[in-house]
Amino acid sequence: MQDYLAGLNERQKEAVLHINGPLMIIAGAGSGKTKVLTTRIAHLMAKGIDAFNILALTFTNKAAREMKERIERILGNNEARNLYIGTFHSVFARILRSEAHRLGYPNSFTIYDTDDAKSVVKTVLNEMQLDDKLYKPATVYNRISSAKNALVSPMEYATDYHIQQEDLRANRPAIAKVYDAYCKRCFKNGAMDFDDLLLKFYELLKTFPEVLSKYQHKFRYIMIDEYQDTNPAQYEIVKLLGAMHENVCVVGDDAQSIYSFRGATIQNILQFQKDYDDVKVVKLEQNYRSTQTIIHAANEVIRNNKAQIPKVLFTENASGEKIRIVRTMTDNDEGKFVADTIQEQKLRNHFSNKEFAILYRTNAQSRAFEEALRRMNIPYTMYGGVSFYQRKEIKDLVGYLRLIVNSRDEEALKRIINYPVRGIGKTTIDRVLLLANTHQITMWEVLEKADQLGFRAGTLSAIQDFVIMIKSFSSMLQKQNAYDVAFHVGKQTNLVKELFNDKSTEGLQRYENIQELLNSIKEWVESPDNEEGEVIDKTLGAYLQQITLLTDSDNKDPDADTVKLMTIHAAKGLEFACVFAAGLEEQLFPNAMAINTREELEEERRLFYVVVTRAKNKLWITYANTRYKFGSLVQNEPSRFIEELPKDHIDNTYAGGGTKMQSSFGFGSTGSVYERMNGGGWSSGKSALSAEKKYGPPPAKKTTPEYLGPKPEAKKVVEHTPSVDFQASDINDIAVGQKVEHQKFGFGEVLKLEGNQHNRMAIIRFDANGEKKILLNYARLKILS
DNA sequence: TGATCTATAATTTTT
DNA sequence: TTATAGATCA
């Protein structure tokens with residue numbers, strides 16, 4: 001761990017060498033923030049500070065992992081294992097596991113993910129007999145979540161004038177009561193939601209001075225990454241923990257604050273200097289990531305925001321190529337353009353897949369890119385889908401495990417009580433719920449004493465079998481490790497068998513997922529159970545808590561040679577040689593949901609700043625004239641952010657003048673992409689459009705989006721009116737060569753049959769609509785001959 | 001009670 | 001377009 005200081009610039013060195021006292025690092029995009037943070041921790045340790053006394057909090061597991069690895073590399077030993085590095089949520093959950101009993105929770109409390117939490121909200125709404133059309137669980141949950149993040153208790157919520165006015169105006173005056181009931185319900189279930197991990201930890205520190213003192217002594221040096229994204233709960237916790245030693249170092253960039261929807265407030269970073277005396281402030285303004293063009297553009301854009309800490313990012317990197325603005329006809333064309341350009345860049349400049357990222361505002365935009373990439377056989381990884389642990393089959397097995405660990409967990413109980421089917425249906429469950437509520441006991445307790453509560457004989461025996469089974473699992477937990485129990489549960493409940501017997505492709509996948517879950521438990525059980533003196537909790541309970549805090553991206557390999565697709569939010573902190581910023585359209589980006597106030601719009605702009613600064617060398621900004629939304633075609637204007645880019649740094653030939661087309665496609669290209677796009681037969685009819693039409697000047701400004709008159713030819717279907725006697729035939733009777741009638745596509749001939757028994761597909765040539773692939777499970781076909 | 005079908009609503013960002 | 005919830009049937 002020699003000269004770790006070499007390779008740092010003066011500013012960076014200043015930050016690293018500052019040991020005692022509060023420190024605020026304002027780190028512009030690509031200014032070596034992580035490097036400074038990790039080097040600083042290494043430096044602290046080199047100066048003799050014990051790793052056990054250092055706490056570093058991040059927002060994502062990924063960031064935590066990366067920091068740990070980098071510190072290990074600098075130190076060259078495994079002292080870094082003793083550092084407390086993790087996300088706010090995981091670190092607090094870990095501490096709460098040994099302290100939760102003080103607050104009346106079981107130490108093996110369950111962590112509810114968003115789905116569980118919404119489900120609790122739903123139960124509460126039902127029981128309060130509120131209309132869930134008006135009180136949508138998601139909306140109500142968001143409201144509760146915001147309150148928690150702002151440390152607003154149910155009581156304060158109910159008595160705050162402004163909050164009440166807001167709810168009243170939205171015609172949802174009962175939210176305060178729901179909030180209260182929700183908290184009580186979670187408590188009764190022995191469960192904490194994501195926000196509770198912060199809130200309850202805060203309460204713990206506030207209520208028990210001895211606990212506070214313990215952790216103040218332990219964490220003598222505190223470091224917070226992405227400080228601009230902290231919410232009031234996190235802010236107060238840091239303040240409490242740091243109050244004794246005041247060795248608090250925060251790193252952030254106000255220009256990259258993009259989580260205010262989650263309660264983050266930029267005030268925290270602006271306030272920092274007032275919270276402590278003698279705050280050392282270091283600004284890192286030199287960017288090592290991007291070209292001058294990109295940095296200049298980013299600076300220009302962010303200048304339009306009012307609220308910010310003054311700073312100017314600069315770089316000594318090459319000036320680089322202009323930013324290319326590309327307009328396409330539809331969202332599908334956008335996908336094709338991007339896939340095509342990636343292919344071309346790979347050939348021309350020898351880029352590998354992993355040097356490309358396609359970044360967008362909303363997850364829904366991924367579809368067009370996925371399709372296009374798949375068609376070109378370009379491997380890609382999509383971030384932000386359903387997490388492995390959110391899959392149904394995984395949640396089912398995990399549901400059993402959760403119930404075993406914490407019998408109060410009502411959500412888990414409801415999930416698995418009749419899966420696999422064991423004759424405890426909806427009627428019975430409702431009855432159990434009612435009994436639980438009237439007797440003020442948990443559902444599990446109702447089941448335990450079901451014999452005294454007058455269930456029908458058949459139902460009673462089903463319930464008793466269930467109770468005996470769960471109890472046998474619980475007792476097994478005393479003697480055997482998490483993996484053995486999980487394996488046994490899977491086997492005993494027939495869950496694994498049921499999936500094994502499902503031979504469809506999806507069934508097979510589900511079966512494999514269960515195997516993967518079991519493997520992961522095994523791996524976890526067998527990994528070393530102590531790190532340098534500290535015993536790691538290897539119980540099933542600890543495992544369950546840990547997996548709820550994992551996200552989709554946590555089990556994806558970032559180094560895999562694939563094109564990365566993700567939202568801009570998910571891309572924060574990452575960098576790529578080539579970036580496609582997609583869907584730069586009004587309504588989409590800035591998003592229609594976030595243009596009502598100046599603050600919201602400025603956050604969208606910061607988001608744009610983030611996406612621009614992800615690019616090292618090449619940046620494309622794309623937008624589509626029309627795209628599908630809820631199944632119908634919508635037309636949008638180009639994003640206002642495009643206009644904010646410095647004109648001399650962009651190449652918008654594509655967007656503006658159709659006449660200069662040939663010379664426009666950077667890198668001395670001959671415009672092959674363009675040719676392919678027009679003439680390559682992507683989908684029917686495109687070639688008929690002239691270049692002028694396709695990439696002509698942007699449409700005249702319109703205040704309201706309108707629907708395109710004629711449908712694009714790609715989507716054109718010659719409508720067919722089904723015969724009066726139309727009746728779907730049995731799909732098993734369909735054979736090659738038959739003449740068939742389809743409700744929508746009309747008459748045609750079956751050319752080919754594909755797929756397995758459960759997922760059969762027919763390729764049919766229709767007289768009026770050409771060849772289509774028809775999924776027999778979904779389509780209705782009538783056999784004519 | 002359980003399975004299947006039909007109607008309806010919904011998409012901003014996430015630990 | 002897709003996912004989900006309620007309605008209907010076995």
Side-chain angles (χ1 to χ4, degrees), chain A residues 57-64 86-93 111-115 117-118 122 132-133 136-139 141-142 145 148-149 192-198 226 229-231 233-234 257-264 331 359-368 371 383-387 389-390 392 418-430 456 458-459 462 546 548-554 566-572 583 587-596 600 603-604 606-608 610-611 627-634 715 728 777-778 780:
Chain A
L57 297 173
T58 64
F59 275 82
T60 61
N61 297 302
K62 192 171 54 188
T87 63
F88 282 90
H89 295 265
S90 71
V91 167
F92 297 167
I111 298 175
Y112 277 171
D113 64 18
T114 317
D115 288 339
K118 279 183 199 155
K122 217 171 152 186
D132 64 1
K133 286 251 159 52
K136 291 197 197 86
T139 315
Y141 171 70
N142 282 336
S145 176
K148 286 187 174 183
N149 285 326
M192 297 192 197
D193 64 18
F194 286 144
D195 305 315
D196 283 334
L197 295 176
L198 309 180
E226 310 279 14
D229 288 332
T230 51
N231 61 36
Q234 290 160 327
S257 160
I258 53 175
Y259 280 103
S260 73
F261 70 94
R262 231 170 70 189
D331 45 354
L359 308 178
Y360 35 76
R361 178 67 239 266
T362 67
N363 277 308
Q365 288 166 256
S366 67
R367 204 210 76 250
E371 276 173 18
Y383 290 76
V386 252
S387 150
Y389 298 100
Q390 308 262 62
K392 187 189 171 296
N418 202 30
Y419 182 82
V421 179
R422 54 172 70 86
I424 308 179
K426 193 174 181 305
T427 324
T428 313
I429 295 172
D430 284 345
R456 283 215 330 254
T459 320
Q546 178 215 277
T548 344
L549 295 173
L550 292 178
T551 58
D552 164 55
S553 48
D554 289 322
M566 65 186 94
T567 63
I568 301 169
H569 282 89
K572 198 175 67 160
Q587 309 297 318
L588 186 60
F589 190 16
N591 194 272
M593 309 291 284
I595 47 175
N596 300 315
E600 284 180 341
E603 177 145 321
E604 293 288 299
R606 289 194 292 270
L607 203 49
F608 185 57
V610 168
V611 72
R627 72 173 61 237
Y628 278 93
K629 210 174 187 181
F630 313 137
S632 57
L633 206 52
V634 177
K715 277 280 164 185
N777 281 344
Y778 306 114
R780 293 155 62 82

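All of these numbers come straight from a predicted model, not from anything done at the bench. Here is the naming used below: chain letters follow the sequence lines, and residue numbers restart at 1 for every chain.
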Base-contact (B) and sugar-phosphate-only (S) positions in nucleotides 4-10 of chain C, heavy-atom cut-off under 4.0 Å, - elsewhere: -S-----
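- Comparing C:dT4 with B:dT13, their C1' atoms sit 23 Å apart, to the nearest whole Å.
- For A:Leu633 and C:dT1, the CG to P distance is 12 Å, given to the nearest whole Å.
- Partners of A:Glu371 under the side chain to side chain donor-acceptor pair (under 3.5 Å) rule, at least two apart in sequence or in another chain, are A:Arg367.
- Residues passing the side chain to side chain contact (heavy atoms under 4.5 Å, CB included) test with A:Thr60, sequence neighbours excluded: A:Lys62, A:Ala63.
- Across all strands shown, A:Asn418 has heavy atoms under 4.0 Å from sugar-phosphate atoms exclusively, and none from any base.
- For A:Tyr419, the side chain to side chain contact (heavy atoms under 4.5 Å, CB included) test picks out A:Lys392, A:Asp396, A:Leu495, A:Glu498, with sequence neighbours left out.
- Qualifying side chain to side chain contact (heavy atoms under 4.5 Å, CB included) partners for A:Ala93, counting only residues two or more places apart in sequence or in other chains: A:Ile111, A:Leu197, A:Leu549.
- Annotation: the span from A:Glu604 atom CD to A:Ile568 atom CD1 amounts to 8.5 Å, rounded to 0.5 Å.
- Remark: A:Gln365 pairs with A:Thr362 by the side chain to side chain donor-acceptor pair (under 3.5 Å) rule, at least two apart or across chains.
- Applying the side chain to side chain contact (heavy atoms under 4.5 Å, CB included) rule to A:Asp115 yields the partners A:Asp113, A:Gln390, A:Lys395; only residues at least two apart in sequence or on another chain are considered.
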Under 4.0 Å protein heavy-atom contact, by nucleotide of nucleotides 10-15 of chain B - B base, S sugar-phosphate only: SBBBBB
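- Legend: residues meeting side chain to side chain donor-acceptor pair (under 3.5 Å) with A:Thr567, ordered by chain and number and at least two apart, are absent.
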